[in-house]
Structure formats: C-alpha cells, structure tokens
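Just follow the structure's listing: the first ligand is 1, and inside any ligand the first atom is 1.
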Amino acid sequence: MSNDIITQLLNLPQVFVNKIDIVGNTTIIYLAREGSNFACSCCRQTVSQGYDCRTQYLRDLSCFAYNTYLCLDKFRIYCPSCGVRVEKLAFARVFSHHTTRFEDYVSKLCSILPVSHVAELTNLDWKTVKEIDKRYLEEKFSHPDYSSLKILAIDEISYKSGHKYLTVVLDLIKTKVVWVGQGRGKETLDKFFCEIGNDKAKQIEAIATDMWDPYLASICQHAPFAKVVFDKFHVIAEYSRMIDKVRNEEYRKASESGKKVIAGSKYLLLANDKNLGKNQKERLKELLSVNEILSTVYILKDELRMLWQCGSKEEATSFLVDWVGKAIASSNEELCKFAKKLMRYSYGLVNHAIYPINSAKLEGVNNKIKVIKRRSYGFHDITYFILKIKQGFP
Ligand SMILES: [Zn+2]
C-alpha cells in the first residue's frame, strides 16, 4: 500500500504519512506536516513558525490486529498574545498521549463495559482508561440542562459500606439523573436549588422523596410551590424495617417453642405473598396464628399499600385516618410510633392522589445505581462514580 493511500485511510488533517514500521504487534506511522500553521493551545490563533519541537507518539485506533501509534514532531510556538506555548493539534487534546478519536472509542467502550475489561481489550492500564472516560464524562456533563424540571424524585444512596451518602435528583418525566451531590443534609440539597436558580425551582410542580426532614426543609425553602409526595417505595421500606424490629422484640419475649416458630421468619413477613412457595406459605400461616401482634403488622402492611390506590385527596385522608386508628389500637410501641409518624407526614401521603408518581421507576433507578456502584466504586473516585450515575440515565 502506498503512503498516499494510508494517508487517505488515516483521514487526519494537516498531516501525511512518511513511513510505516511494524514492531511485534505494534504499528508506528511516522507523520509529516502539511504547511506550517500552528495553533496556540491557549487562544487558538495560528502562527506560521515553530519555536522548537520534540517527537511525540500518539496512540490511535488499532490498524487490523496492530496497536497503532502515530509519531510526529510536536511544536512549541511563540504566540503574540500568550508567549511560548505548546501547539494545539486538530486531532488530539493538548497534553494527551492519544488521539481524540481513540479516546472517544475508549469512552464508548466504557459506557457498556467495566473499566477492567476495556483495559484488557485496548492494552491500556486501567488508570489510563478511567482517566480517559472521566475526562470525556466531565466534558459531556459540564452544561446540564435544567430548563424543563417539573416532576422530580430526590433520593439518597449510600457508599463506603453505608458510611457516606450521595443525594440523587431525578427528572421523573425523562427518567434522567439531573444532579448528584455529596451528603444527604439540607445543605446538600440547597446546593442543587442554588445551581438551578430561583425561577426554575419555583416551576417545579411535585417532588417524590422520603420522609427525611433535611430534604423537606430545603424543598420548603427553595421550591415552595412543589407538592411533596412520599412514595410507596420509601414508606413500605420503612414499614418493613419496623416489622423486623417488632419481630425481634417478639422473638426475645417468646417461649422456647415460640422462638422456633419466629426464627428465620424475616423473609416470610416481608416478601410479597405471591412470591412465597407452598411450604413458606404454611410456615407463615402458623406464625401468624400463634403471634397476634405479628399477625396485625402483617395485615396492616397489605392494607397500607392500598393508600396509593386512592383516587382523591379526600379518599386518601379518610383511608389514612382509618389505618392509623387500627395501628394505634394495637398498642404496640413500634407500630404506634410508625402510625404517628404517618400522621405527621400525611400531607405528602395524600398528595399521591394528585401526583401519582410511579415508585416502580424509582426502584428501578436504585437497582441500576447499585450495579453502577459495583462497577465503578472500586476505584474510590467519588467524582467518577457520580459521572457514571449521570451517564447511566441518559
Ligand atoms: Zn495564544
């Protein structure tokens, strides 16, 4: 193949192929420059003379089975505005050892594969792969679009084995992560509202979130017109934790034979009835028949789910009052505590009748974030983890 044809295949501006070497599984393409125009890497103005130069190798897309490097002289120039500066090549970032198209390729692979697999496929160090992907994502998400935020969900996710938290803001209409911040305090969410600005915050119609006071205080301050909705996913998750506390308490109080029935019953009480096998259903039936309070919390769990089926605020309010009455009648300390909390937060529970925000969506998002966490948190680079979450919900 003549150098002209390879220059055509290479398809890069301002250069042509001089010579090609093959060493082992590597191809080195030696390039020469067309003309003598050099762009300043600071201000982009061009000058016609180089100041000095040195040889640089740039990794490019592979050529057949060969890892491919471009070898060329890279110049420093004297820019009238900036002084002595490195030139800006049209096909590589200023201090990179790769062409832009090679970095784009690595980033595309990183959107579907874990970093370690991409490192193996490209013969790069995993740190290099991560840095390429991180830079690409930083650029991609540098100008977030906050123009049409109407219905949001705000949730926390934990990392560092549950010792640290991130606050995630989702656009529920587009199922898109719009913002992620470190921490789960009021000041974290305040940062989000400050970033989108007062006007945009006032346009938000509804926000699904947890019964978590720091978030609620921030919403109240910055988005006073947004209706807060406590969605089923969060409330039922909290109720399930309460069931487990009651179960532990009942286990402690039970006789030897009672302990046998309660032991290992956590899943039976928390799982959806239709997911239980025949034997599990039998065990659950036995458990509920011997323990009155567990039977009550179990029945009330199924009833509570129906709150999110109410079609109007009035219907939801009367349902809630009725449910809370039954819970308090049980006189169980944990159940009463939970019921009183629901009454305190009833405004956001009945709002679901007006804004029926789909909690299945939120649950799906949480599961997907868990997968991203497994893939990217191994690097202990929280900025990269945040960028991967944003990428996960385009
Ligand atoms: Zn300049």
Side-chain angles (χ1 to χ4, degrees), residues 3-4 6-21 26-63 67-111 118 122 124-125 127-147 191 194-197 381-384 386-388 390-391:
N3 287 350
D4 283 352
I6 301 194
T7 300
Q8 262 187 50
L9 284 172
L10 196 65
N11 195 26
L12 291 176
Q14 300 163 337
V15 288
F16 60 88
V17 175
N18 237 346
K19 192 179 92 170
I20 298 171
D21 264 354
T26 302
T27 310
I28 303 170
I29 303 179
Y30 294 87
L31 300 177
R33 312 290 284 259
E34 250 169 22
S36 57
N37 272 336
F38 308 101
C40 168
S41 57
C42 263
C43 69
R44 299 289 191 268
Q45 70 176 298
T46 52
V47 297
S48 57
Q49 241 185 339
Y51 177 81
D52 58 8
C53 75
R54 64 183 177 83
T55 306
Q56 175 160 27
Y57 289 87
L58 293 172
R59 175 84 185 265
D60 197 11
L61 297 173
S62 293
C63 185
N67 294 332
T68 301
Y69 288 83
L70 310 178
C71 175
L72 73 165
D73 285 337
K74 191 166 177 190
F75 286 82
R76 288 201 303 167
I77 54 160
Y78 184 79
C79 169
S81 311
C82 315
V84 177
R85 286 288 182 272
V86 178
E87 69 163 323
K88 168 76 181 84
L89 292 168
F91 46 86
R93 281 180 314 98
V94 181
F95 293 107
S96 177
H97 296 285
H98 319 102
T99 60
T100 312
R101 63 187 178 192
F102 178 73
E103 293 189 342
D104 287 350
Y105 171 68
V106 169
S107 308
K108 265 189 200 132
L109 288 178
C110 286
S111 70
V118 179
T122 53
L124 289 172
D125 182 40
K127 284 181 190 151
T128 309
V129 173
K130 192 201 82 176
E131 286 311 315
I132 290 175
D133 191 34
K134 186 175 169 182
R135 209 161 32 228
Y136 169 84
L137 295 173
E138 271 168 345
E139 217 160 274
K140 184 171 172 181
F141 295 110
S142 59
H143 300 290
D145 176 18
Y146 297 131
S147 60
K191 277 184 206 153
C194 289
E195 204 173 309
I196 66 171
D381 180 339
I382 192 67
T383 312
Y384 186 54
I386 289 175
L387 289 164
K388 292 306 270 184
K390 289 182 181 172
Q391 185 187 33

If you define the side chain from C-beta out and look only at heavy atoms, does anything of I28 sit under 4.5 Å from I20? no

Under 3.5 Å, side-chain donor or acceptor atoms of residues 73-84 against the rest of the protein: list the pairs with distances, not counting sequence neighbours.
{"unit_1": "K74", "atom_1": "NZ", "unit_2": "V94", "atom_2": "O", "d": "2.4"}
{"unit_1": "R76", "atom_1": "NE", "unit_2": "D52", "atom_2": "OD1", "d": "3.1"}
{"unit_1": "R76", "atom_1": "NE", "unit_2": "D52", "atom_2": "OD2", "d": "3.4"}
{"unit_1": "R76", "atom_1": "NH2", "unit_2": "D52", "atom_2": "OD2", "d": "3.0"}
{"unit_1": "S81", "atom_1": "OG", "unit_2": "Q45", "atom_2": "NE2", "d": "2.6"}

Can a cation-pi geometry be assigned to K19 and Y30, taking NZ or CZ under 6.0 Å from the six-membered ring centre and within 45° of the ring axis? yes

Keeping to distances under 2.8 Å, can you name the protein N/O/S atoms close to the Zn ion (ligand 1)? C40 SG, C43 SG, C79 SG, C82 SG

Is it the case that the side chains of T46 and N37 hold a donor-acceptor pair, with the cut-off being a distance below 3.5 Å and no angle test? no

Using a 4.5 Å cut-off on heavy atoms from C-beta on, say whether the side chain of L58 contacts that of F91. yes

Hey, is the main chain of V17 close enough, under 3.5 Å, to the side chain of T7 for a donor-acceptor pair? yes

